[in-house]
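These notes concern the structure reproduced below.
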Protein chains: 2
Amino acid sequence: MNIGEASKLSGLPAKTIRYYEDTGLIAPPARAENGYRDYSDTDVHKLRFVRHSRGLGFSVDECSQLLSLYEDKGRQSGDVKAIAQKHLTEIEEKIRELQELRSTLDHLVNTCHGDGRPDCPILEGIADPASI
Amino acid sequence: MNIGEASKLSGLPAKTIRYYEDTGLIAPPARAENGYRDYSDTDVHKLRFVRHSRGLGFSVDECSQLLSLYEDKGRQSGDVKAIAQKHLTEIEEKIRELQELRSTLDHLVNTCHGDGRPDCPILEGIADPASI
DNA sequence: CTTGCCCTTCCAGCAACTGGAAGCTTATAT
DNA sequence: ATATAAGCTTCCAGTTGCTGGAAGGGCAAG
């Protein structure tokens with residue numbers, strides 16, 4: 001099938017599929033006689049795999065590793081788990097950071113009248129965070 | 001003072017300060033006779049303001065708006081609050097997304113033995129999310 | 001036969017820096 | 001005085017993960 005069809009079935013934009021091919025994340029597919037990329041069902045399956053792992057927030061590099069492991073029937077699940085665990089830890093860290101930001105911002109937003117007057121605790125809080 | 005000193009006092013890398021100048025976030029400082037950038041205390045104050053607002057996760061563009069408002073003594077606090085509120089909402093949305101990812105990943109990681117055997121619920125979950 | 005859509009490649013740009021090269025000036029050490 | 005090191009200048013390239021657009025070829029329908 002052409003890239004348009006593979007795009008529909010995988011849920012990835014055609015642009016993105018070509019990009020993944022360029023950067024080596026996915027192997028180049030077969031080519032039809034007219035030069036068009038020709039995707040198999042297996043190719044589409046892998047594209048979907050990549051879309052899902054990207055959707056879980058894995059970096060393209062991590063997706064590449066996960067895809068290799070997926071294709072390696074002699075894999076060790078410990079290797080997969082290590083990647084996922086590391087990613088999970090990073091996500092948890094990110095959540096903590098964002099919650100801190102939310103807390104600070106929420107406080108600032110709530111103390112600002114937000115009207116036509118110029119005095120603004122938000123700006124003061126940014127200028128001098130120690131004052132919060 | 002030279003950029004190195006301004007960097008120390010503001011907490012921003014010299015590279016970043018030059019970058020902010022290039023992109024118009026901060027006004028170009030005075031220049032000494034030797035061509036070196038020459039920062040005033042006021043300049044440093046603004047650099048700190050930018051560092052803090054970046055630290056709160058505002059985009060450079062939003063920082064630019066906030067800095068303008070900070071310098072505008074006739075500002076309306078409602079304008080500031082609108083920017084901060086929008087950002088807060090985005091952060092809350094981001095937190096929700098990450099919590100979803102965390103939930104899914106946590107489940108996957110916990111169901112994987114993570115040993116030398118090849119069967120791996122993480123890979124299966126990525127390949128077929130409907131199965132989770 | 002032309003219109004329109006799909007495909008191809010390549011180049012540029014987004015955010016927000018960061019690193020490095022090449023070439024000044026200034027400060028320090030001998 | 002001189003050699004070296006540190007700090008400054010500019011400019012260009014790379015990072016991540018795409019996305020948009022230009023220029024051109026393929027192919028089916030009207």
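Atom set for the values below is all heavy atoms of this structure, side chains included, hydrogens, waters and symmetry mates excluded. Within every chain, numbering begins at 1; the chains are lettered A, B, ... in the order of the sequence lines, protein sequences first and strands thereafter.
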B/His113: partners by side chain to side chain donor-acceptor pair (under 3.5 Å), with sequence neighbours left out: B/Asp119
Side chain to side chain contact (heavy atoms under 4.5 Å, CB included) filter on B/Glu62, not counting sequence neighbours, yields B/Phe58, B/Ser59, B/Ile83, B/Lys86, B/His87, B/Glu90
Can you tell me the distance, in whole Å, between the OH atom of A/Tyr20 and the P atom of D/dG17? 8 Å
Across all chains, not counting sequence neighbours, the side chain to side chain donor-acceptor pair (under 3.5 Å) partners of B/Asp43 are B/Ser40
Sequence-distant partners of A/Thr16, side chain to side chain donor-acceptor pair (under 3.5 Å), two or more places apart: none
Side-chain atoms of residues 17-33 of chain A: list all donor-acceptor pairs with protein atoms under 3.5 Å, sequence neighbours left out, distances to 0.1 Å.
unit_1  : atom_1 : unit_2  : atom_2 : d
A/Glu21 : OE1    : A/Arg37 : NE     : 2.7
A/Thr23 : OG1    : A/Tyr19 : O      : 2.9
A/Thr23 : OG1    : A/Tyr20 : O      : 3.3
A/Arg31 : NH1    : A/Gly35 : O      : 2.9

Reading 5' to 3' through nucleotides 10-15 of chain C, protein heavy-atom contacts under 4.0 Å coded B for base, S for sugar-phosphate only, - for none: B-----
Looking at B/Asn34, I'd like to know whether one of its side-chain N or O atoms comes within less than 4.0 Å of OP1 or OP2 on C/dT26. yes
Please tabulate, for side-chain N and O atoms in residues 63-71 of chain A, each donor-acceptor pair with protein atoms closer than 3.5 Å (sequence neighbours left out).
unit_1  : atom_1 : unit_2  : atom_2 : d
A/Gln65 : NE2    : A/Asp61 : OD2    : 2.9
A/Ser68 : OG     : A/Ser64 : O      : 3.1
A/Tyr70 : OH     : A/His45 : NE2    : 2.9
A/Glu71 : OE2    : A/Lys46 : NZ     : 3.4

Atom CG of B/Asp22 and atom P of C/dG19: how far apart are they, to the nearest Å? 17 Å
How close or far is atom P of D/dG17 from atom CZ of A/Arg51, stated in whole angstroms? 17 Å
Name all residues meeting the side chain to side chain contact (heavy atoms under 4.5 Å, CB included) criterion together with B/Arg48; count only those two or more places apart in sequence or in a different chain, and write none if there are none. B/Ser10, B/Val44, B/Arg51, B/His52
Separation of B/Leu25 atom CG from C/dA16 atom C1', in whole Å? 11 Å
Working for side chain to side chain contact (heavy atoms under 4.5 Å, CB included), residues A/Arg102 and A/His107: CA-CA 8 Å; A/Arg102 173 175 61 183; A/His107 175 71; over 6 Å; no
Protein-nucleotide distance (B/Leu12, atom CG; C/dT18, atom P), rounded to Å: 9 Å
End-to-end axis angle, where each axis spans five pairs of the helix from C/dC1-D/dG30 to C/dT30-D/dA1, to 10°: 20°
Just distance, no hydrogens or angles: give the donor-acceptor pairs under 3.5 Å from side chains in residues 121-132 of chain A, sequence neighbours left out.
unit_1   : atom_1 : unit_2   : atom_2 : d
A/Asp128 : OD1    : A/Ala130 : N      : 3.4
A/Ser131 : OG     : A/Asp128 : O      : 2.7

When rounded to the nearest 0.5 Å, the distance separating CD1 of B/Ile3 from OH of B/Tyr36 is 11.5 Å
Listed partners of A/Asp106 passing side chain to side chain donor-acceptor pair (under 3.5 Å), at least two apart: A/Asn110
Could you tell me whether the phosphate oxygens of C/dA16, OP1 or OP2, come under 4.0 Å of any side-chain nitrogen or oxygen in B/Thr16? no
Atom-pair distance (CD1 on B/Ile17; P on C/dC17), nearest Å: 12 Å
Using a cut-off of 4.0 Å between protein heavy atoms and nucleotide atoms, how would you tag nucleotides 2-8 of chain C 5' to 3' with B, S and -? ----BSB
